Protein chains: 2
Amino acid sequence: MAGVSQTTVSLVLNGRAEGEVRISPETRDRVLQVIRETGYVADPAARRLVERRNRIYGVFTYEAVFPAESADFYHPFLVGIEECAEEAGCDLLLFTSAKVEQGERRRIFSAESRIRLADGCVLLGRTIDRDDLSRLLSEGIPFVSVGRRDDAGGPVPYVGADYPPAVRALVGRAAALGHRRMAYVGSGQGPESYADRLRGFTEGVAAAPGVEGVHLTSADGLFDAGATVVFAEELADGAAIAEVARARGLDVPRDLSIVALGAPTRPVSTDIDFAGFRIPRREMGRRAVELLTHVLEHGGAPQELLACELVEGSTLAPPAQR
Amino acid sequence: MAGVSQTTVSLVLNGRAEGEVRISPETRDRVLQVIRETGYVADPAARRLVERRNRIYGVFTYEAVFPAESADFYHPFLVGIEECAEEAGCDLLLFTSAKVEQGERRRIFSAESRIRLADGCVLLGRTIDRDDLSRLLSEGIPFVSVGRRDDAGGPVPYVGADYPPAVRALVGRAAALGHRRMAYVGSGQGPESYADRLRGFTEGVAAAPGVEGVHLTSADGLFDAGATVVFAEELADGAAIAEVARARGLDVPRDLSIVALGAPTRPVSTDIDFAGFRIPRREMGRRAVELLTHVLEHGGAPQELLACELVEGSTLAPPAQR
DNA sequence: TAGCTGAAGTAATCCGTATTAGCAGATTCG
DNA sequence: CGAATCTGCTAATACGGATTACTTCAGCTA
């Protein structure tokens, strides 16, 4: 349509006409005009084949992104990811095709995996398969995880929430209010985020003179433990504990303080305004895309932790007088 | 590694060795063995290049998809779209790069439009630019609109909600309860969905003997119109009317019945359980993807309307006795 | 006028896969 | 015994775009 060769179109399309290669302004404008009229776009697969960038960032989640159950969890991350992708002029590819058998979760590397269609990939999820991670690393696929991940045959690029200092600070607050016996309820293992919270708790207790800490994997023995404040690994745990406490005639926070280490911004089946912290999810999403761009350009495995802002809430108060 | 040509590997990999093309079992096993050992996977980009299909479906919205303001509106559609794309083995491309100047809305055909990256496209939005639609049609870009659209230089493929029968049925219900003077509040034009609702109202009134209908573009003159039931074009309108009615000392539904023709499933700033109908958004999303697949394979411009389920609610009752 | 230079653009090649036509050797047919 | 058929495999090519080496032509120099 512009009366030029495929080569020329390619050169114009990629702005190479300004540098070493010479294309006259007239020709260039003619080509650009036709491109504009037709909305021509280079085929991403072909481009990809020649090993160049697509301006497509993939987003991988093990579960569906949109359904209501997980929506509240993923949503803030996606807002940030979308914002930043928009600024970077990139499109987002949701790997919805990565399904396997009914009932199974998605896998990054299925036989039909199209992860390589994207320039790079943002990984989202509470836990991410270790094998998947190490394979991503060993195959050199650019990616950034949202959420800290332990090494998987090498350092994993991530942007996570910095739980330990936040939890330590909360333990410190509780100590300052006079609490001397504190409980952590939750597994403290599995996802890195749980381990980080427990670690923060342990460190916080160790740093507070005269404070005793106990780790319970479930709320069962909680009320026999004599704790005046409980740190719940998840907001849901906190809600459950509050429920039981009330059933036993205990007042929160007069008789028992509760600190929720989950995501207080999330609307759960409780309207208690828990003390805790805010996970900067939107910022994490944004930063993940920024880091991905960086990885694509310079390589490496950047790791960043973003601070969690403490939330005052109404469930942390001085312990009742004996 | 297996001592065979690339062709043979391809044939074995795709199971073509059983049919027309012949590969000896020994050779085949040898190749499979090497594939197993190396974890070889065909490059999806190259594969797509040959297939001339990327298995990417685009999702275009005029506003950002994820931000909280629009989330409630788009979310159910996206659930359906994602579900169905997953079943179809396709990835979703969100046109996040279609940004223009700050403050402006996205455009399908910007100078930088990347719509052709996708095999086809699902369009989402209350209103869609007529020029965009007719250009999509004239350029033969496969797409399906979520929401009915008037012709734009040709029939537009869509899956919409079937408002007229739903509104007619609601008018019928009101008539059966004894209402004789009914008002429709809303523009009745602009988006096709508004026009369809007003049309349903008009038809419903015409079909109900002894019933008078009046169309008001705003709620201003409502209380002078003498209507005992009001059909609000949007849920928000309904909420506003209820507010004003209460301020005037009117009881809903004793003194005034209100039917909301919007989306009662949406959590708005009201907790009134309006009478109205449920827009089958999730199903619309699903069906849109199914239709898009159909369009890609067979062409055409399928048009479908899905029924809205009536919602009883608590705002429609017999009119007060004079 | 031969020789050189720079500007503008293009033919040829490659990326990794799927597909098709075809080839060499063995077997069967007439 | 030559021709046809079958068997098992591969060379060549297409897909769409990026890159590189090269061609062509005009203008300039000595």
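Note that this is a predicted model, so its numbers are computed, not measured. First the proteins, then the strands, lettered A, B, ... as listed; each starts at 1.
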Using OP1 and OP2 only, check whether a side-chain N or O of [X] sits under 4.0 Å from [N].
X       : N      : value
A:Thr27 : C:dA8  : no
A:Arg22 : C:dG6  : no
A:Ser10 : D:dG16 : no
A:Tyr40 : D:dG17 : yes
A:Arg47 : D:dA18 : yes
B:Arg16 : C:dA18 : no
A:Asn14 : D:dG17 : no

Touch class at under 4.0 angstrom, heavy-atom based, for A:Thr8 against every strand present: base
Touch class at under 4.0 angstrom, heavy-atom based, for B:Thr7 against every strand present: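 The answer is base, as B:Thr7 lies within the cut-off (heavy atoms under 4.0 Å) of a base atom.
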Donor-acceptor pair (no angle test) under 3.5 Å: B:Glu51 side chain, C:dA18 base: no
Spacing of [X] atom [atom1] relative to [N] atom [atom2], expressed in whole Å:
X        : N      : atom1 : atom2 : value
B:Gln6   : C:dT19 : CD    : P     : 11 Å
A:Arg30  : C:dG9  : CZ    : C1'   : 11 Å
B:Asp43  : C:dA18 : CG    : C1'   : 13 Å
B:Ile23  : D:dT10 : CD1   : P     : 7 Å
B:Leu11  : C:dT19 : CG    : C1'   : 8 Å
A:Leu117 : C:dG16 : CG    : P     : 15 Å

B:Val156 side chain reached by B:Asp150 side chain, heavy atoms, under 4.5 Å: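 In short, these two side chains do not touch, never coming nearer than 4.5 Å.
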Nearest-0.5 Å distance, CG of residue B:Leu93 to CZ of residue B:Arg55: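 With rounding to 0.5 Å, CG (B:Leu93) is 16.0 Å from CZ (B:Arg55).
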Nearest-0.5 Å distance that lies between atom CG in B:Leu124 and atom CE in B:Met284: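 Reported to 0.5 Å precision, the distance equals 8.5 Å.
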A:Tyr62 and A:Phe60 aromatic ring geometry - parallel, tilted or perpendicular at 30°/60° bounds: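 Answer is perpendicular, since the angle exceeds 60°.
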Closest to side chain of B:Val4, choosing from D:dT10, C:dG16, D:dG17: D:dT10
Side chain of A:Leu49 - closest among C:dC15, D:dA18, C:dA11: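 Per side-chain heavy atoms of A:Leu49, the pick is C:dC15.
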A:Arg286 atom CZ, neighbour heavy-atom count above 12 within 6.0 Å: yes
